[in-house]
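Structure first, then comments.
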Amino acid sequence: MDRTVHILMAAEECMLEKGFHGTSVQDIAKRAGISTGLIYRYYKNKDSIIEALVVVITKRMMSHMEKAIAQPKNQTPELFRQNKNNILNQIQNNIFLLMEVSSEATRNEHYKKIIANAHRELQDKIVHHEKELNPHLDEKVIRSRHYFISILIDGIIMQRSRKMNTPNKELEDLINQMLLRVLVPGGDSSVHAHPAH
């Protein structure tokens, strides 16, 4: 495995366990099984590790989006399908890590730019795809719809990560149906939505 990839994997694992502030370069080195000095041969400091990690996460999110986009547009994404490959399980750690970096971005202009670029890249891809499928839709409408979805998903993931309330079956079905209405122009949840199992 490429050394830089190995370091970033270790950084990701540390941040998921300890959070942004609880993770040091020494922690990353220990998790990667290498010396701190060796890390500095590849990355200047913790900031450069985080920046590279955000790029990796953004690419991963792009990949998940492309798979979701490939699904039939008259079907709900079924956020809560009860299997290991459901959408939430695929993106939960990615979003949690972006949230961790975003919280630091309020105090750090460098991180603020990194996160802003990542979000812009993800949203621009969504808008481009939606405009191809629905050229009559206004770009502002598309961006608003997907902003709503991101708020919904972020909230659910925050609840999960804090081990707070987990949505019950009724709430899961309701959220799946809401996503269908938002994502599919004229989508009728009573006709096309597949119940979550």
Side-chain angles (χ1 to χ4, degrees), residues 1-2 4-23 25 27-28 31-32 43 46-71 76-106 108 110-130 142-143 145-167 172 175-176 178-179 182-183 196:
M1 180 186 297
D2 181 272
T4 58
V5 173
H6 186 57
I7 292 170
L8 292 180
M9 286 176 63
E12 183 171 343
E13 291 172 5
C14 286
M15 281 186 62
L16 287 171
E17 287 181 11
K18 301 181 177 186
F20 180 90
H21 288 291
T23 297
V25 174
D27 292 326
I28 296 169
R31 178 59 61 92
Y43 296 100
K46 181 178 173 180
D47 283 1
S48 62
I49 295 173
I50 300 304
E51 184 171 359
L53 186 58
V54 169
V55 171
V56 169
I57 293 169
T58 302
K59 289 180 179 177
R60 200 184 298 159
M61 291 287 286
M62 288 280 197
S63 176
H64 291 315
M65 275 176 26
E66 286 168 358
K67 289 177 183 176
I69 285 169
Q71 294 179 353
T76 170
E78 293 187 6
L79 206 59
F80 296 100
R81 280 181 308 181
Q82 296 301 305
N83 62 62
K84 291 187 293 185
N85 295 319
N86 72 42
I87 295 172
L88 271 186
N89 286 338
Q90 290 178 27
I91 66 175
Q92 178 167 320
N93 286 347
N94 298 323
I95 291 180
F96 180 74
L97 288 166
L98 289 177
M99 285 179 177
E100 281 287 298
V101 181
S102 293
S103 66
E104 181 63 17
T106 61
N108 185 311
H110 182 61
Y111 287 147
K112 188 175 182 179
K113 289 178 182 177
I114 293 171
I115 290 296
N117 288 337
H119 286 164
R120 185 165 49 250
E121 188 176 356
L122 288 167
Q123 193 172 70
D124 285 349
K125 188 172 184 67
I126 290 171
V127 171
H128 176 73
H129 177 76
E130 288 288 337
I142 296 172
R143 289 186 184 276
R145 291 190 322 182
H146 286 277
Y147 180 61
F148 167 80
I149 292 168
S150 70
I151 291 172
L152 179 66
I153 292 174
D154 286 356
I156 294 167
I157 287 174
M158 292 238 352
Q159 293 275 329
R160 281 177 135 200
S161 67
R162 294 174 179 171
K163 296 181 172 58
M164 296 170 73
N165 295 330
T166 301
E172 290 176 0
I175 292 172
N176 282 335
M178 286 173 62
L179 287 175
V182 172
L183 287 171

Trace of the side chain to side chain contact (heavy atoms under 4.5 Å, CB included) decision for I114 with V101
CA-CA 9 Å; I114 293 171; V101 181; 5.6 Å; no

Sequence-distant partners of Y43, side chain to side chain donor-acceptor pair (under 3.5 Å), two or more places apart
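Per chain and number, Y43 pairs via side chain to side chain donor-acceptor pair (under 3.5 Å) with no residue.
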
Partners passing side chain to side chain donor-acceptor pair (under 3.5 Å) against H119 (at least two apart in sequence or in another chain)
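Testing H119 for side chain to side chain donor-acceptor pair (under 3.5 Å), a comparison that skips the adjacent residues, returns none.
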
Walk me through it: do M15 and I28 pass the test side chain to side chain contact (heavy atoms under 4.5 Å, CB included)?
CA-CA 9 Å; M15 281 186 62; I28 296 169; over 6 Å; no

Can you tell me how far apart [atom1] ([X]) and [atom2] ([Y]) are? Round to the nearest 0.5 Å.
X    : Y    : atom1 : atom2 : result
E13  : K18  : CD    : NZ    : 11.5 Å
K125 : E121 : NZ    : CD    : 9.0 Å
E17  : T23  : CD    : OG1   : 8.5 Å
L122 : N117 : CG    : CG    : 11.0 Å
I7   : I49  : CD1   : CD1   : 6.5 Å

Looking at residues at least two apart in the chain, or sitting in another chain, which of them share a salt bridge (charged side-chain N to carboxylate O under 4.0 Å, His left out) with K46?
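If we apply the salt bridge (charged side-chain N to carboxylate O under 4.0 Å, His left out) test to K46, skipping adjacent residues, there are no hits.
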
Residues two or more places apart in sequence or in another chain: which of them pass salt bridge (charged side-chain N to carboxylate O under 4.0 Å, His left out) with E12?
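So E12 forms a salt bridge (charged side-chain N to carboxylate O under 4.0 Å, His left out) with R60.
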
Residue pair I95 / M61, side-chain heavy-atom distance below 4.5 Å:
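Yes. Closest side-chain heavy atoms under 4.5 Å.
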
What residue among D154, L53, I115 forms side chain to side chain contact (heavy atoms under 4.5 Å, CB included) with L98?
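Between L98 and the candidates, side chain to side chain contact (heavy atoms under 4.5 Å, CB included) is satisfied uniquely by I115.
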
Once side-chain contact (heavy atoms from CB on, under 4.5 Å) is applied, do any residues pair with [X], and if so which ones, sequence neighbours excluded?
X    : value
K59  : V55
V127 : Q123, K131, E139, I142, R143
K113 : none
E104 : F20, H21, R107, N108, Y111

Can you confirm whether H128 is buried at NE2, in the sense that more than 12 heavy atoms of other residues, nucleotides or ligands lie under 6.0 Å from that atom?
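No, because the 6.0 Å sphere around NE2 of H128 holds 12 heavy atoms or fewer from other groups.
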
